[in-house]
Amino acid sequence: MPITDTVVHEIAMRWADIDSLNHVNNVVYVDYASEARAVLGEAVADAPVRSMSVRFLQPLLLSREPVEVASAVDGATVTQQIRRRGSDAVFAEIRTELGALRPIPPHPAVGKPFAMAVRRSDLDQSGNVSLTKLFELFQELRILFVSEQVQQMQAGRFVVGTVAVAQAQPVPWRAEPYAARARITRVGAGSITIESEILDEDTVLVRSTSVMVGFDAQHQQSRRLDDDERAIFEATLDAS
């Protein structure tokens with residue numbers, strides 16, 4: 001249902017927004033949301049983002065029609081919907097919580113470890129990794145993690161259903177990579193839940209929870225996990 005009492009901001013689409021499935025890449029929705037939040041006034045645009053969650057409802061394809069981002073502010077919460085001009089269809093919903101960052105309690109040291117390097121181009125004007133680039137880093141981490149679990153996985157076998165990112169501390173550039181880790185916390189009939197973190201030693205800087213949905217690229221619809229996928233993911237779940 002379209003949200004009401006909103007500010008609507010239009011954004012032209014780019015070829016670079018599209019992924020290998022010819023859909024708008026999930027990270028780009030965060031970029032759309034951040035761009036639209038910038039027109040809501042300094043109190044919103046300049047406030048630190050404590051957390052953001054994105055729910056992907058249907059694929060958005062490249063079009064000459066601009067994207068519309070409808071934004072509503074309720075205290076420290078910004079709710080946004082991604083639409084296309086002239087349509088009430090909602091392609092994604094984004095919920096952003098503004099406010100001072102809070103510590104994230106660490107989990108036991110479980111999960112697959114990775115090294116996550118930050119590039120200078122990942123930084124915003126504050127000198128820290130931008131929100132959009134944090135989502136991109138977690139996308140890289142998910143791809144690495146899932147591809148290691150299912151080594152024969154074909155491209156397009158999974159899509160992102162939801163992603164939530166909570167930030168405890170800014171992530172500045174440094175020459176050495178940050179520690180990162182990922183683990184599976186749930187295996188469902190047609191999806192898995194992955195929790196991943198970027199750390200500085202034992203301190204959690206950012207945590208992400210993502211639901212990956214089995215996807216049939218030929219028919220452009222969700223699918224159930226096959227027996228091999230389920231066995232692999234459940235073994236990883238047990239190992240965690």
List the atom of [X], the atom of [Y], and the distance in Å for their closest heavy-atom pair.
X      : Y      : answer
Val44  : Val78  : CG1-CG2, 4.0 Å
Ile82  : Ile94  : CG1-CD1, 3.5 Å
Leu225 : Arg230 : O-NH2, 4.0 Å
Ala36  : His9   : CA-CD2, 3.8 Å
Gln80  : Ala33  : NE2-O, 3.1 Å
Ala166 : Ser51  : CA-CB, 4.1 Å

Donor-acceptor contact below 3.5 Å, side chain [X] vs main chain [Y]:
X      : Y      : answer
Gln58  : Val90  : yes
Arg207 : Pro105 : yes
Arg174 : Pro177 : yes
Ser63  : Glu65  : yes

Any side-chain heavy atom of [X] sitting closer than 4.5 Å to one from [Y]?
X      : Y      : value
Met13  : Tyr32  : yes
Val163 : Ser208 : yes
Leu137 : Val206 : no
Leu60  : Tyr29  : yes
Val171 : Asp200 : no
Val54  : Phe135 : yes

Near [X] [atom1], under 6.0 Å, is it more than 12 heavy atoms from other residues, nucleotides or ligands?
X      : atom1 : value
Glu42  : CD    : no
Asp46  : CG    : yes
Asp226 : CG    : yes

Donor + acceptor pair across side chains of Ser191, Arg186 (<3.5 Å): yes

Partner of Lys112 under side-chain contact (heavy atoms from CB on, under 4.5 Å), chosen from Arg181, Glu148, Arg183: Glu148

Leu101: hydrophobic cluster co-members (side-chain, 4.5 Å): none

Enter the distance from [X]:[atom1] to [Y]:[atom2] here, rounded to the nearest 0.5 Å.
X      : Y      : atom1 : atom2 : value
Asp88  : Gln81  : CG    : CD    : 9.5 Å
Arg84  : Leu61  : CZ    : CG    : 6.5 Å
Leu123 : Ser130 : CG    : OG    : 8.0 Å

Looking at [X] and [Y], does any basic side-chain N land under 4.0 Å from a carboxylate oxygen?
X      : Y      : value
Arg95  : Glu93  : no
Arg223 : Glu229 : yes
Arg85  : Glu68  : no

Side chain to side chain donor-acceptor pair (under 3.5 Å) evaluation trace for His107 with Glu197: CA-CA 10 Å; His107 284 318; Glu197 298 169 331; 4.8 Å; no

